[in-house]
Amino acid sequence: MWYVGGDVRLILNSDSMKPIYVQIAEWLETEILIQAIQCDEKIYSQYQLAEMFNINPATAAKGINILAEENVLYKKRGLGMFVATDARHIILNKRKNTKLRAMVNELAKEAVQLQVNEEELVEMIRGMHQKLKGDQK
Amino acid sequence: MSLVEVNSWDIVKKQYRYKLKSYLGVFSSLIIIQVLAIFFSLNGTGMSGGSSGTFSYKVNYYSGDLILVFMMLWGFITAIIITTKAYRYDDTSFVTNRLTSHFSNILFLISASLFAGLTVFLSSHLFRLITNIMNVDSIMVNEHTPLQIAKGIIGAGLYIFLFTSIGYLVGMLIQKNKLFSFFLPIVLVGAMYLDGMNNDVLIFHSISLYFLSETLLSLLIIKIMSVSLLFYGFAIILSARMEVRA
Amino acid sequence: MKVVECKNLTKQYGRVKAVNDLTFTLAENKITGLVGRNGAGKTTLLKMIAGYLHHNSGNIQVFSENPFNNLKVSANTIFIDNSMSFSPALTLGQLLETAGEFYVNWDKNLANRLFKYFSLNPDQSHVNLSKGNKSTFNMIIGLAAHCPLTIFDEPTSGMDAGTRKDFYRALLKDYIAHPRTIILSSHLLEEIEDILEDILLIKNGEKLLHISVAELKEYAIGITGKTDRINQWLSNRERIFTHEIGNDDSYVVIKNECSSSELEEAREIGMRISQVSTEDICMHLTSKSKGGIDHVFSRG
């Protein structure tokens with residue numbers, strides 16, 4: 001998937017629990033995951049991001065910095081930020097360990113509250129998973 | 001972003017240009033008043049208005065004098081108007097401080113006074129022409145040389161400028177405290193009344209004479225300029241701590 | 001470089017302190033939002049920064065000089081509000097030209113493009129403009145002047161929703177192209193928070209907060225649950241806002257200082273934790289009483 005430069009306008013969710021800079025970081029992660037931005041390719045500057053999302057450049061910089069701290073991005077002096085070789089790997093691992101785990105946690109809680117038993121829950125997940133995989137093919 | 005260095009005189013010039021363009025209303029009132037003055041003068045009887053016992057201007061000597069008196073009043077009122085908030089605040093929408101604002105006002109009032117002086121000359125000529133046509137018997141006296149004309153215009157302009165300085169000071173006093181707008185006319189009328197009661201020395205008369213009897217233009221310039229600038233200086237000092245859009 | 005520096009700044013009108021003992025500094029090239037309720041002292045503060053008003057005590061420095069009646073500050077600052085006045089004798093087109101003469105960094109191209117985009121008429125006079133168009137015109141002057149210190153006091157009053165959005169986008173784009181110190185006051189925080197870097201929140205002329213927007217977003221959390229349980233869990237924690245729902249439920253806003261284990265514990269005993277929008281945080285912090293407007297109607 002390729003974006004036409006400059007015209008990317010993603011509407012940030014300002015009601016979300018997540019601060020804008022985290023949403024920026026997540027958006028960049030997704031861009032890397034779907035390979036819209038390749039490894040060792042230069043990532044958007046804080047100013048480009050600020051313009052794209054209509055946010056303060058300092059907020060955008062904060063989003064970039066999160067990824068730099070996680071080694072998803074690396075800095076080339078005077079040139080800007082670039083995508084690390086193992087960026088996708090790092091992101092996937094992170095998402096598995098934090099996002100997915102938290103979602104599973106919520107899911108399990110809800111299941112307990114609704115008195116859905118273990119097999120039923122696992123079956124639901126399996127069904128959904130297969131359906132999505134089937135859709136992708 | 002690097003800071004801009006400014007020069008006060010440069011700003012005064014810019015403000016002066018801005019004021020020439022934006023205070024156009026002042027000049028339309030000038031024209032209206034002149035037409036009125038000519039109209040009053042044409043009535044003939046209107047001439048006696050100049051000598052109400054206390055104010056004994058030599059109005060009857062010179063047919064265009066009423067026009068000059070009207071213009072002096074115009075200068076006085078124009079200067080008061082310029083000190084009002086509406087005009088002062090227009091300055092603050094662009095680059096200014098109190099001093100540049102005053103200087104550009106003074107420059108503007110000098111120009112306006114000279115322009116008014118020129119129009120006094122022109123309309124008194126017009127006036128004489130009209131009376132000449134109306135009264136076939138009268139003879140035109142006073143043939144002017146260009147130098148005399150120039151002197152006449154500058155002289156008239158100076159008298160008007162003197163009144164702008166009084167107006168400016170009065171206006172600033174009123175801006176400082178609204179009570180002055182009530183207080184000053186009482187003081188003026190009261191002083192004139194007391195002055196009239198005392199038959200020996202008429203202060204207002206001698207003040208007027210001090211200026212009006214001056215035959216040398218250079219001395220008149222010095223006299224009027226020093227008095228006006230004193231008034232302006234006082235007005236500037238008065239406004240030093242004045243706030244904007246408070 | 002510090003562009004604005006205030007120390008114990010106080011401004012009194014009679015016995016009322018419009019600005020009270022305010023101490024803060026604004027660093028160069030940041031967009032700061034000045035937020036507070038009506039009458040909090042925002043405009044008074046901005047007018048002191050612009051050099052219109054003098055202070056009673058404390059100290060204020062703009063570009064390291066006292067701004068009052070200061071030509072250098074005036075040349076490097078532009079103050080845009082809706083009571084800006086222009087001579088009625090000049091047309092809008094002439095006013096733009098005049099602004100160009102006064103402001104050295106004037107961006108003529110930007111001014112003309114914005115002027116066209118917002119379909120203003122160059123032959124019109126400023127006094128005849130509608131409230132919204134007046135704000136739009138003033139905003140164009142404010143942007144195109146490219147002053148190192150640009151102050152907008154409630155710039156969008158009277159503008160329709162579309163124009164407001166356009167303005168904030170134009171402000172951001174122009175700021176990215178020409179970084180400068182910008183102060184933006186508004187009571188609609190939600191509308192401006194995304195483009196702000198810092199927020200200065202004031203109440204009754206006093207500083208409540210001066211933090212980055214990111215910090216403000218995480219400044220507080222909301223807790224909903226049974227009143228007695230909440231009271232127990234909160235014990236001595238300071239409450240920013242309390243709202244009772246029905247007979248025995250409550251919504252309480254507290255500072256976000258709890259550890260994740262504490263929050264987990266709260267969830268376990270059936271409390272719901274929610275984020276509080278910056279708008280709400282500011283509203284709660286600046287409200288007259290901890291119960292908000294409901295307090296007025298409660299008996300007892």
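Computed from a prediction, not measured in an experiment: that's the story for all the values here. So that the names make sense, note that chain A is the first sequence line, chain B the second, and so on, each numbered from 1.
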Ring centres of C:F167 and C:F118 under 6.0 Å apart?
-> no
So what's closer than 4.5 Å to chain C heavy atoms on A:Y21: side chain, backbone, both or neither?
-> side chain
What residues, two or more places apart in sequence or in another chain, satisfy salt bridge (charged side-chain N to carboxylate O under 4.0 Å, His left out) together with A:K99?
-> none
With respect to chain A, which residue among C:I31, C:V276, C:I176 yields the maximal number of heavy-atom pairs within a distance under 4.5 Å?
-> C:I176
Taking only Lys NZ, Arg NE, NH1 and NH2, and the carboxylate oxygens of Asp or Glu, determine whether C:E238 and C:K255 approach each other closer than 4.0 Å.
-> no
Salt bridge between A:K94 and A:E29, side-chain N to carboxylate O under 4.0 Å?
-> yes
Engaged part of C:L196 at the chain A interface, taking heavy atoms whose separation is under 4.5 Å = backbone
